Amino acid sequence: MSTVEKTESTEKTGKKEKSSLFDETGRRLLREIWPLRGWILLLAVFCLLLIGCAVAVPELLGAEIDRLYDWARTRTPGLARSLLPGLGLLLGIYALQGAVTYGKWYLLHNVISRFFCAGFRIRLSEKLRRLPVSYMDKTPAGDVIDRMMDDVSDMSDSIYGIVEILLSGFLQMIVIAVILFLTDWRMAIPVVLLAPLSVLLSARMAGLGEKHWDNHYELGGKLTGLAEEAYTNYPTTKAFNREEEVQNRYDELSRRHQRSGALGYFFSSIVQPVIAFVDSLAYIAVAVLGGWLVLRQGVPIGAVVTVILFARQFSEPLEHIAFGLGYNQHMKGAAKRVFTLLDLPEEQDPEGSAEGPARGRVEFRHVDFSYDPKKPLIRDLNMEVEPGRKVAIVGPTGAGKTTIVNLLMRFYDISAGQILVDGQDVSGLSRAGNRDLFAMVLQDTWLFKGTVAENVAYGSPGASREDVEKACDWAYCDHFIRRLPQGYDTVISEDSTAVSSGQKQLLTIARALLADRPLLILDEATSNVDTRTELLIQKAMDHLMSGRTCFIIAHRLSTIVDADLILVLRDGRIVEQGTHASLLAEQGFYYELFRSQYAI
Amino acid sequence: MRKLLSYLKPYRGRIALATLLMAISAGCDLLLPTLMSDVLDKGVYGAAEADTFGYILKTAAWMLGISLVSLASVCGGYWVVYRVIAGYTQSLRSALFRKVHSMTLEEVGKIGTSNLVTRSTHDVSTFTDVIAMLCGSILIIPLMFLGGVFLCMRKDVFLSLVILCAVPLLIGAGMLMSKKIERLWEVSDEYCDRQNDLVRERLRGIRVIRAFNREQQAHEKITDATRTMADNIIRANVRMEIIDPAAAFVLNGAALLVVFLGGLRMERGSGLTAGDVFAVIQYIGIILGAIVSVSYDIVMLPHVRVAVRRLSQITESTGLEDDRPARGLTFSGAVDLDHVSFTYPGGSLPALSDVDLHIRPGEWVSVIGGTGSGKTTLAELLLAFRAPTEGTIRFDGLDAAALSPKDIRNNVSCSLQKSMLYAGTVAENLRMGKPDASDAELWDALEKAQVADFIREQPEGLDFRLEPAGTNVSGGQKQRIAIARALLKDAPLYIFDDSFSALDFLTEAKVRRAMNESLAGKTRIVITQRVVSAMHSDRIFVLADGVLVGAGTHAELLESCSIYREIYLSQTGGAVA
């Protein structure tokens, strides 16, 4: 799924015409890299050293080979001995080269992984803290994870690009080009002229490959989705005897997936041979030209050897440059997605705190709210809830019962009106201060990976082990927790099978009990729980509710009938409010809803 | 492994062709330095030849030709290789997919859906990527290596010994290193997963985290994981970067040794020329390239071992479903369970024990029970996904064990737990049970399932596209579309397993009413844990811990069955009379 989303956004960035290195995203990327300039400067020094070695080696080696050729003509004795000083020097240079190469990579990995990637990931995590809940609701987790992990990784290639392409690559090519011209300008011309051709051709290949790769990944995501669907739907497929159809759809997608993969592989693989081919063109040109120059112009044969050796060094960075250029789009697409997330508007948070101990009186005054400005949901909602009273929120599935939770907890902000707790307008409170008033037990039991005790104490970090055990005892958890392998220290998580879904629910009740807040939000739905646990949950919830102002997303009739106030929701709007008796008397939607339970 | 490779058989010819093309290209690449040294030796120094420059030109022309052949053959080689790999991957995937669909539900459950998905996607790619690598680079690299060594030998055996000594040294060190790096990568992968999990956990729990003001802690946890991951990645990468410079140093050193020894041998008059020495040095470059490539590829191999092991688990699986062909039977809708018991393999307690129930054609029955009562097991038995461990199930008096599962399923229409939909249009999903249904029939079914309004609101109507597993519609909409699909299929027996759980009571009542009308005369089995869904049916069966504890109408059960009464009271608070 995440792959699909990712390619969607790649498409968006892909739409704009040829992006240059220095468009908006490119400049921003450079700005982000700017703080790392000290390290990059150090890397530049390493690169220069390496280029120095790269320049010295062919020169020196050429000279040594020259001695061999000279000897062939002159046959003066002592050849091997005369070679020694040069070879020793070369060995030293090779050692230096190895050490500096290693140092360069060591530094580069540190800069990329520690300073750049980890830095961005931490900034993104920090950003998540300030984003409104609405963002999380709209965005699949996979999308955020992709940006945080893969996109940041892809972005870091920009540093690699700067070091490997700009510093190492271009610098090396320039220096070598100068030396080539100094050695013999006539032989230098074909080498230098053919380089752009090679870059152009191979960047084109890399670009073509990139396009197919994107396609391949997109289809890969779809294929995974299809496999996932097919395997989960296995019983339905079988029940309808549709195995062949499912198989054909899978095969067809798999065929397209593989086709794009083959093309991607192909174009990526031939970049190197294409460069090698252009290389050999240069090689041949140098051989012909060099031969002619030696024969007719008396140029020393060592010069030809040097040029040939340099020509190889000259073309070495080309492959990186070609890939870098082909990859440019991809990298900037990733950077763009990361920047978009970093630039999202943040939630405003005032700094007020509650006055005095809370009693739990809640009042809604002319509250308006909508998720989408075009579709007003709640209009002019008024209600008063005295401390210790119970409000039942009822309505068909999808009617927006959680909206009230979202507003009370300030996960979303109301668009007009006021919500008051103990007479104080909550918009003057910090969100944290507001939330400190409430405890929540949601249907979607959220447990994090940690011990049972840590999970129960989540809302009350200072709680002692006794407090935790007491709360668990009250919430009917103690007996099953003690039967877990490590008791309260058993590590559980969201998809842990050690505890059943009903038991998870009980744990969240214990968590709310321990947090001990004056107001309570409860979601009653208890599907997939056996009758016995269901009874325990009910009893635990009763404990929890006593003495607190409660907002209950009610499913049990007994809760509804006993409630002090019932809010009836339909299509996200509060259509009726009152007590069970008054609503039945109205013979409205609530009446219909209530009646439907026994209708044939 | 052998089984996995057997799918490569049809490609033998093409693999040979690719190898040949690659070999040609490698050969060409190796010839170039030889020709170059010829140019220098014979062309430039060879005053013996009359037309020296002509010789240079001729050799250059050869070099050009060889380069072209090399380029053409390497491109052709790669093209063939990747086509073969694509075809191979595809047939492997297809075979795995087919195999999964021929496995029993038991086997599918044992391996696990997410494992099956990883196996069919990620593991297949890992495996075939390596095959691609083997066919592509690894095929060329030994060729380059051996060719390089051979040509060196031809120039001078003694000088070649230098290379031959250096190479095993390098390969050994590389392999030793790759083991260590492999471990480091595993560790950093673990941290990467940990980080993913933390972010996912945080996003999922955003409401609880904010409710309890624990954003700071959540952020710190991620920060820690990020830092640890970075440390591990750096450590793994840095170890990897030793290979390159070290290999370069050893081989460059070897090249220097070659120059020195070459000089020594030339002096002693062994017939060695300066061009030969130069050529050997260039071969060392080629060999160096080959070794460095191999050292990177070797790191992949342990991954492959894991992938192969996991793939084999599917290909070697023996838990296959009965695949007798359908005989085209039509049932009347009578279902009998004669003292049926079922125990899951390895389970100590039976999921169903001695269930004896008989359903008449046209009857509407409900099976009610809590989680773990054995309801879904019952549905799976009826659909022939599992066979009873004791007792018999009969359709029209015929023993289900003697029937093809296809025949049974042709006679049953169902909507199962979790309402499984498929990526594709609503119409395609609905037509699964009745491929030739007209649009009017589709609308009628949607209408009955109370979801026609929603579909009508979509601009595409019946062609509204559902995402894989129906993620772009709500749980209630999914259930209703699945109900419509079940209603559309014409069958004597209808099974609804937990199919109304996401519907509010009002909608459910409407669906029920529509069903009463359209399923009149058909056998209907409703499996549920909601009393409201069951209370109106002709007969209700109450399951508790796999035992049938009550059977009868709602009124009878309220009287006679304490468990039914308990369920009823807990769900309705007794308010429903």
Side-chain angles (χ1 to χ4, degrees), chain A residues 64 68-69 72 79-80 83 87 94 98 101-102 105-106 109 113-114 118 121-122 125 129 136 141 145 224-225 227-229 231-233 236 239-241 243 250-251 254 258 262 265-266 269-270 273 277 280 284 287-288 291 294 396-397 432 435 440 446 459 530-531 557-558 596-597 599-600, chain B residues 39 43-44 56 60 63 67 71 74-75 78 82 86 89-90 93-94 97 101 113 116-117 120-121 199-200 203 205-206 208 211-213 215 219 222-223 226 230 233-234 237-238 241 245 249 252 256 263-264 267 274 370-371 409 414 420 432 468-469 476 504-506 509 532 536 572-573 575:
Chain A
E64 297 303 293
L68 294 183
Y69 279 112
L79 167 66
L83 287 170
L87 292 181
Y94 282 140
T101 308
Y102 181 70
W105 283 109
Y106 186 87
H109 283 305
S113 294
R114 203 187 303 274
R121 288 189 180 124
I122 292 169
S125 166
R129 200 142 68 122
M136 322 285 174
I145 292 173
T224 308
E228 213 166 315
E229 175 187 276
Y231 296 157
T232 9
N233 286 8
T236 305
F240 283 89
N241 284 328
E243 294 97 316
Y250 185 76
D251 286 351
S254 165
Q258 284 313 313
Y265 262 124
F266 176 71
S269 301
I270 61 171
F277 175 72
S280 18
I284 293 162
V288 173
V294 171
T397 345
R435 288 166 188 161
M440 249 182 11
W446 181 81
D530 61 272
T531 324
L557 219 51
S558 49
S596 70
Q597 300 204 36
I600 299 262
Chain B
V39 168
V44 183
I56 291 178
M63 285 168 82
S67 298
L71 180 67
V74 78
C75 287
Y78 275 129
Y82 293 127
T89 311
Q90 206 184 313
R93 280 230 166 92
S94 181
F97 195 81
H101 277 92
T113 312
L116 287 172
V117 173
S120 337
T121 52
V199 177
R200 195 178 294 276
L203 293 171
I206 187 75
V208 179
F212 289 118
N213 289 320
E215 276 283 22
H219 168 65
I222 290 175
T223 307
T226 305
I233 290 178
I234 291 169
N237 269 320
V238 162
E241 300 303 352
F249 180 73
N252 283 328
L256 295 182
L264 218 57
E267 229 173 344
T371 324
R409 291 169 194 159
C414 63
M420 287 121 170
M432 275 181 66
D504 59 84
F505 294 129
L506 189 58
V532 184
H536 307 288
T572 64

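Per chain, numbering begins at 1; letters A, B, ... match sequence-line order. The structure displayed is predicted, hence computed values, not measured ones.
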With a 4.5 Å cut-off on heavy-atom pairs, point out which of B/Val208, B/Thr89, B/Ile206 contacts chain A the most.
B/Val208
What class does the angle between the rings of B/His101 and A/Tyr231 fall in, given that below 30° is parallel, 30 to 60° is tilted and above 60° is perpendicular?
tilted
What part of B/Leu116 gets closer than 4.5 Å to chain A, counting heavy atoms only: side chain, backbone, both or neither?
both
Which heavy atom of B/Met420 sits nearest to which heavy atom of A/Thr232, and what is that distance?
CE-O, 3.2 Å
Looking only at non-hydrogen atoms, find the nearest pair between B/Leu203 and A/Met136 and report the distance.
CD2-SD, 3.3 Å
Decide side chain to side chain donor-acceptor pair (under 3.5 Å) for A/Tyr250 and B/Ser120; before the verdict, give the C-alpha distance in whole Å, the side-chain angles of both, and the deciding distance to 0.1 Å.
CA-CA 11 Å; A/Tyr250 185 76; B/Ser120 337; 4.7 Å; no
Between A/Tyr102 and chain B, which part of the residue has a heavy atom less than 4.5 Å away: side chain, backbone, both or neither?
both
Say whether, by atom type as modelled, one donor and one acceptor occur between the side chain of B/Glu267 and the main chain of A/Ala80 under 3.5 angstrom.
yes
Kindly give the heavy-atom pair with the smallest separation between B/Gly263 and A/Leu79, and that separation in Å.
O-CD2, 3.3 Å
Hey, does B/His219 have a side-chain heavy atom less than 4.5 Å from the side chain of A/Ile122?
yes
Would you say that A/Ser269 contacts B/Tyr82 through its side chain, given a criterion of any heavy-atom pair below 4.5 Å between the two side chains?
yes
If you compare all heavy atoms of B/Ile233 against all heavy atoms of A/Ser113, which two are closest, and at what distance to 0.1 Å?
CG2-OG, 3.7 Å
Part of A/Asn241 lying under 4.5 Å from any heavy atom of chain B:
side chain
Less than 4.5 Å apart, any side-chain heavy atom of B/Val117 and any of A/Thr224?
yes
Taking side chain as everything from C-beta outward and backbone as N, CA, C, O, which of these in A/Leu83 sits under 4.5 Å from a heavy atom of chain B? Side chain, backbone, both or neither.
side chain
For the interface with chain A, which of B/Ile222, B/Asn252, B/Thr226 has the highest count of heavy-atom pairs at distances below 4.5 Å?
B/Asn252
Over all atoms of both residues, closest heavy-atom pair of A/Phe277 and B/Ser67:
CD1-O, 3.6 Å
Does the side chain of A/Pro273 reach to within under 4.5 Å of the side chain of B/Tyr78, using non-hydrogen atoms?
yes
Of all heavy-atom pairs linking A/Ala287 and B/Ile56, the shortest is O-CG2, 4.0 Å
Interface check, chain B: of A/Ala118, A/Gly459, A/Gly98, A/Ala227, most non-hydrogen pairs under 4.5 Å belong to A/Gly459
Relative to chain A, which segment of B/Asn213 carries a heavy atom at a distance below 4.5 Å: side chain, backbone, both, or neither?
side chain
Most heavy-atom pairs under 4.5 Å with chain A, out of B/Ala211, B/Ala230, B/Cys414, belong to B/Ala211
Interface residue of largest heavy-atom contact number with chain B, from A/Glu64, A/Glu228, A/Arg121, A/Arg129, under 4.5 Å
A/Arg129
ring-ring contact (aromatic ring centres under 6.0 Å, His included) against B/Phe249, all qualifying residues, sequence neighbours excluded:
none
What part of A/Tyr106 lies closer than 4.5 angstrom to a heavy atom of chain B: side chain, backbone, both or neither?
both
Where on B/Leu71 is there a heavy atom nearer than 4.5 Å to chain A: the side chain, the backbone, both, or neither?
side chain
